[in-house]
Amino acid sequence: MLEARNLVSMYGKAQALWDVSLTIDEAEIVALIGSNGAGKTTLLNTISGLHHPASGTVEYLGQGIESLDPYVIVEAGISHVPEGGRVFPDMSVRENLEMGAYPKRAWKAREQTLQQVYGIFPRLKEREKQLARTLSGGERQMLAMGRGLMSRPRLCLLDEPSYGLAPIMVTEIFRIIERLRTQEITVLLIEQNVRHTLEIADRVYVMENGRICMEGECDELLQSDFVRQAYLGL
Ligand code: ATP
């Protein structure tokens with residue numbers, strides 16, 4: 001579904017990605033783990049068009065997208081849910097969700113999609129008229145994910161969806177990510193919560209210092225001393 005090849009990303013003279021390649025197959029949950037500043041968010045931003053690579057390519061369903069604008073990439077079916085549950089604070093829950101449906105094909109189906117999103121996140125339905133800035137951190141995260149789903153994506157990029165959430169909410173968010181697969185949504189997930197991630201992901205890429213240093217199926221990574229020590233504290 002998606003193939004990133006030899007990506008190099010720069011912030012001015014500082015290099016953030018060094019020759020990064022990654023593939024995602026349809027209906028997979030692929031996770032990206034790594035220490036702070038490893039380049040995970042930069043990689044997601046490079047896929048969603050928020051940051052254009054200095055070199056390298058990103059192919060999505062056979063089409064090169066590395067130089068397209070973010071809104072065109074959303075239209076093509078890739079949705080990016082950024083870190084920290086960023087939503088429009090002075091808009092209601094419903095208005096925030098409707099904002100996510102701006103691609104033409106999604107706008108037509110927005111009522112139907114809204115009901116699907118409310119089915120996944122009943123709490124958002126209960127708070128439909130509430131202003132987003134009054135939501136709890138977990139609810140804001142749900143709203144950010146819900147808004148991402150409103151564009152009817154085929155591929156969803158999730159940047160640390162469980163960050164800062166209470167343990168019960170973390171379990172809930174992971175359950176929801178797993179459910180996306182049943183709705184034919186492919187997921188690329190950045191996560192610090194490695195234990196939970198290895199339970200739901202199909203494959204994992206490990207990034208260090210702007211490079212992919214390891215990749216494999218979860219079972220393989222669980223056998224790795226490096227992953228066990230650095231990420232699971234075993
Ligand atoms: P974290 O887990 O801490 O969120 P990350 O793996 O997502 O980290 P990035 O946010 O992609 O890492 O950052 C990779 C590197 O690029 C870091 O050294 C960071 O300081 C740098 N960087 C990120 N954004 C910018 C920017 N807008 N301008 C300059 N440097 C940046």
Side-chain angles (χ1 to χ4, degrees), residues 2-24 29-58 60 65-71 73-74 78-87 137-138 140-142 144-145 148 155-167 169-170 173-174 177 186-201 203-216 218 221 224 226-233:
L2 186 118
E3 183 165 12
R5 256 184 257 122
N6 310 111
L7 288 175
V8 170
S9 256
M10 310 289 295
Y11 293 107
K13 287 190 179 144
Q15 187 159 348
L17 296 184
W18 304 71
D19 205 26
V20 167
S21 297
L22 152 150
T23 59
I24 306 170
I29 297 177
V30 175
L32 206 51
I33 62 174
S35 50
N36 292 124
K40 304 178 297 295
T41 297
T42 303
L43 178 53
L44 242 62
N45 288 347
T46 307
I47 295 172
S48 66
L50 290 170
H51 189 81
H52 294 305
S55 63
T57 55
V58 182
Y60 168 66
I65 59 164
E66 67 281 347
S67 54
L68 299 183
D69 287 329
Y71 75 94
I73 293 177
V74 177
I78 299 181
S79 175
H80 183 173
V81 181
E83 207 173 356
R86 273 184 268 153
V87 291
R140 250 200 305 271
Q141 190 57 54
M142 288 182 186
M145 279 176 71
L155 172 62
C156 205
L157 313 175
L158 301 175
D159 197 341
E160 292 197 34
S162 76
Y163 183 78
L165 301 186
M169 213 51 150
V170 173
I173 290 285
F174 275 93
I177 296 169
T186 305
V187 174
L188 176 59
L189 169 72
I190 294 184
E191 258 303 333
Q192 303 283 2
N193 194 323
V194 175
R195 206 173 290 273
H196 261 103
T197 301
L198 292 178
E199 281 168 17
I200 66 159
R203 284 185 306 118
V204 179
Y205 288 86
V206 185
M207 284 188 82
E208 293 289 333
N209 301 318
R211 294 178 173 85
I212 304 265
C213 65
M214 201 179 275
E215 64 174 281
C218 295
L221 264 79
S224 145
F226 170 68
V227 170
R228 288 164 63 84
Q229 281 165 19
Y231 294 101
L232 296 170

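First listed ligand is number 1; within each ligand, the first listed atom is number 1. Numbering starts at 1 and runs along the sequence shown.
Atom CZ of F226 sits in a crowded spot, with more than 12 heavy atoms from other residues, nucleotides or ligands closer than 6.0 Å.
Within 4.0 Å of ligand 1, heavy atoms belong to protein residues Y11, A16, S35, N36, G37, A38, G39, K40, T41, T42, E83, E160, Q192.
For the residue pair Q15/S9, the side-chain donor-acceptor check at 3.5 Å is not satisfied.
R5 contributes atom CZ, which lies 13.0 Å from atom OG of S55 (distance to the nearest 0.5 angstrom). How far CG of L17 is from OH of Y11: 7.5 Å, rounded to the nearest 0.5 Å.
Under the 3.5 Å distance criterion, the side-chain polar atoms of E191 are left unmatched by any main-chain donor or acceptor of E160.
Side-chain contact check for I78 versus I65: some heavy-atom pair is nearer than 4.5 Å.
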